[in-house]
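Notes for the one structure printed next.
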Amino acid sequence: MKTVLKLLLLAVAALALSAVLVVWLALNDRPLVDRDSAMTATDVARVRDLVSAADPRKHPQEGEVIRTFHADGHDLDLVLHDASRRLLHGAGRVVLADQSARVQLSVQWPRSPFGHWLNVEAQVRQTAGWPELERLQIGRVPVPAGLARWLLVQVAAHYGATEQVQTVMGMVQRVTLQPAEIVLDYVWRPEGLRTVMLPPGDQQRLRAYVDRLVPLVRKAQDTVPLAALLPPMFELARQRTDAAGSTDEVAAQENRAALIALALYATGQSPSRFVQDAKQWAHPVPHPVLLRGREDFSMHFLISAVLAAEGGGRLADAIGLYKEISDSRGGSGFSFNDIAADRAGTRFGQIATHSARHLQAELAKGVTDEDFMPGVADLPEFLSEAEFKATYGEIGAPAYERMKAEIERRVASRPLLR
């Protein structure tokens, strides 16, 4: 018996030492990718125009026509780095070559005796279809390609993204890697993308909230205050959460569905964009939804809230900024008060998922605009690109950062957003 116990203790000790060794080898003192620069206003506009020009909905064709999308290597590198900086608080780089590409990521890790950076480097090579993962290294630990591919499958399954990944991979016919650009040959299947954007379970939830909106807006005269819609919509979320087991995960799912329904309604979009059967649903009577007396504020707020609830607050920050840069180049102009609505919505979306049941309870008490949207009448708006650059420089410049800090202070002062 003592011998068995000794062997067991030795096995546990060996496993513990192995785990420490792996952590030591995986972490580094320095980042593999060391670049702090954010995307400039020009970079943002260039990438936005690139994606907009490639939108297949602008060039409808019958049948499953193979389309081609070209992306410059520099633009691809910019997008990867900016996404890494915003979403992972790290840095990223992609280097294209003939029939191959190298992707590098450096992510900050909690300080430890083993290092402060998790560095990841992957090498992919071109095939007849999707590129194949050829090499993966985490810190100083090489991961066999077969094991790396298996891990990617498990990660997708863990986050419930298997079907979405398979749908996208089924649309892309070929990826061509060249030193200066990446070329995607794909088949546009909007029906498949509906499932990617909104899985079947979420589609059913969405219908419940669209149905709830119908009587809420039926008797409205001209406009509908967002503050009047939030309590009854989130009361339904609370009821559905309780009926399904009162877990935080369920509450977050219900809150997301409520926000999606509100965002679609406020922006005048039909749920059939995401749900094929939604054409048969009841449709709420359209009315402008107002936040602090403005329709554009409610749109900014709700779109950012959905993005934050779905994909992270920093992503919502980026999308809101893209919209303002677009406006400054020919639309209404860059508006810091719209940025404030974006940031308030982002915070609301974060709370809707991270403190889901708490938000349901707070909204049940009733709210006013002041509870979740700061005063912004004194903030600069309708700035042209030239005016913005003359006063604030580029995105990330000191003058811009001071204005952004003031907006964050105001958002944080709202009772519902603390």
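For this chain, numbers begin at 1 and follow the sequence in order.
Across all non-hydrogen atoms, the minimal contact from V214 to H283 is CG2-C, 4.1 Å. Counting all heavy atoms, side chain and backbone alike, E181 lies closest to V183 at OE2-CG2, 3.6 Å. The shortest non-hydrogen separation linking F348 to L363 is CZ-CD1, 4.1 Å. Listed here is the closest heavy atom pair of D371 and R414: O-CB, 3.3 Å. Nearest heavy atom pair, residue E235 against residue A364, reads OE1-CB, 4.4 Å. Closest of all the heavy-atom pairs between S298 and V289 is OG-O, 2.6 Å.
Electrostatic pairing of R410 and D378 counts as a salt bridge here, judged by a charged N lying under 4.0 Å from a carboxylate O. Ionic pairing of K389 and E385 is present here: one or more N-O contacts between side-chain nitrogen and carboxylate oxygen are shorter than 4.0 angstrom. In this structure, E370 pairs ionically with R292, as a charged nitrogen and a carboxylate oxygen lie closer than 4.0 Å.
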Using the side-chain hydrogen bond (donor to acceptor under 3.5 Å, both in side chains) rule, take Q104 and E121 through it: C-alpha gap first, then chi angles, then the decisive distance, then the call.
CA-CA 4 Å; Q104 298 174 327; E121 183 169 26; 2.9 Å; yes
Quick one: do L379 and I407 satisfy side-chain contact (heavy atoms from CB on, under 4.5 Å)? Show the steps, please.
CA-CA 9 Å; L379 296 182; I407 290 172; 4.0 Å; yes
Between I351 and R347, does a side-chain contact (heavy atoms from CB on, under 4.5 Å) hold up when you go through it step by step?
CA-CA 6 Å; I351 294 172; R347 180 61 183 150; 3.7 Å; yes
Check against side-chain contact (heavy atoms from CB on, under 4.5 Å), R402 and E406
CA-CA 6 Å; R402 285 193 294 272; E406 171 60 17; over 6 Å; no
Given the rule in the side-chain contact (heavy atoms from CB on, under 4.5 Å) test, do L177 and V124 qualify, once you have shown the distances and angles that lead to the verdict?
CA-CA 10 Å; L177 301 171; V124 298; 4.3 Å; yes
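In this structure, S355 contributes its side chain and H358 its backbone to no donor-acceptor pair below 3.5 Å. Between the R125 side chain and the Q99 main chain, no donor and acceptor come within less than 3.5 Å of each other. In this structure, the side chain of S106 engages the main chain of V33 through a donor-acceptor pair within 3.5 Å.
Between the NE2 atom in H354 and the CG atom in N255 there is a gap of 11.5 Å [rounded to 0.5 Å]. A distance of 9.5 Å separates CG of D296 from CG of L290, quoted to the nearest 0.5 Å. Put simply, CG on L264 and CG on L206 are 6.5 Å apart, with the number rounded to the nearest 0.5 Å. Note: D369 CG to F301 CZ = 9.5 Å, rounded to the nearest 0.5 Å. The OG atom of S335 sits 11.0 Å away from the CZ atom of F388 when rounded to the nearest 0.5 Å. Here the OG1 atom belonging to T353 is positioned 13.5 Å from the CD atom belonging to E254, to the nearest 0.5 angstrom.
The environment of CZ in R418 is crowded: more than 12 heavy-atom neighbours from other residues, nucleotides or ligands sit within 6.0 Å. Q239 CD: more than 12 foreign heavy atoms inside a 6.0 Å radius.
Using a 3.5 Å distance cut-off with no hydrogens or angles, the side chains of Q123 and E134 do not pair a donor with an acceptor. Neither side chain, D98 nor Q178, offers a donor N or O lying under 3.5 Å from an acceptor on the other. A side-chain donor from one of Q269 and T267 sits under 3.5 Å from a side-chain acceptor of the other. Side chains of D185 and Q173: no donor on one and acceptor on the other come within 3.5 Å.
In this structure, F336 has its ring center closer than 6.0 angstrom to the ring center of Y392.
Shown here are the side chain to side chain contact (heavy atoms under 4.5 Å, CB included) partners of A257, two or more places apart in sequence or in another chain: R205, Y209. Residues satisfying the side chain to side chain contact (heavy atoms under 4.5 Å, CB included) criterion with A97, sequence neighbours excluded, are S100.
W130 has its side chain out of reach of R174: every pair of non-hydrogen atoms, C-beta onward, lies at least 4.5 Å apart. Residues V103 and V120 form no side-chain contact, since every pair of their non-hydrogen atoms from C-beta on lies 4.5 Å or further apart. Looking only at side-chain heavy atoms (C-beta outward), V367 and F372 come within less than 4.5 Å of each other. Annotation: side chain of L216 is in contact with side chain of L229 (closest heavy-atom distance under 4.5 Å). Side-chain contact between L259 and F234: present, with at least one pair of heavy atoms (C-beta onward) separated by less than 4.5 Å. You'll find the side chain of V210 reaches within 4.5 Å of the side chain of P271, heavy atoms only. With contacts defined as side-chain heavy-atom distances shorter than 4.5 Å, the pair H287/T223 does not qualify. In this structure the side chain of L230 reaches within 4.5 angstrom of the side chain of L262, judged on heavy atoms.
In this pair, Y400 and F334 present their aromatic rings perpendicular. The plane angle is above 60°, beyond the 30 to 60° band.
For residues 349-363, every residue pair satisfying the salt bridge (charged side-chain N to carboxylate O under 4.0 Å, His left out) rule, not counting sequence neighbours, is listed here: D242-R357, E362-K365.
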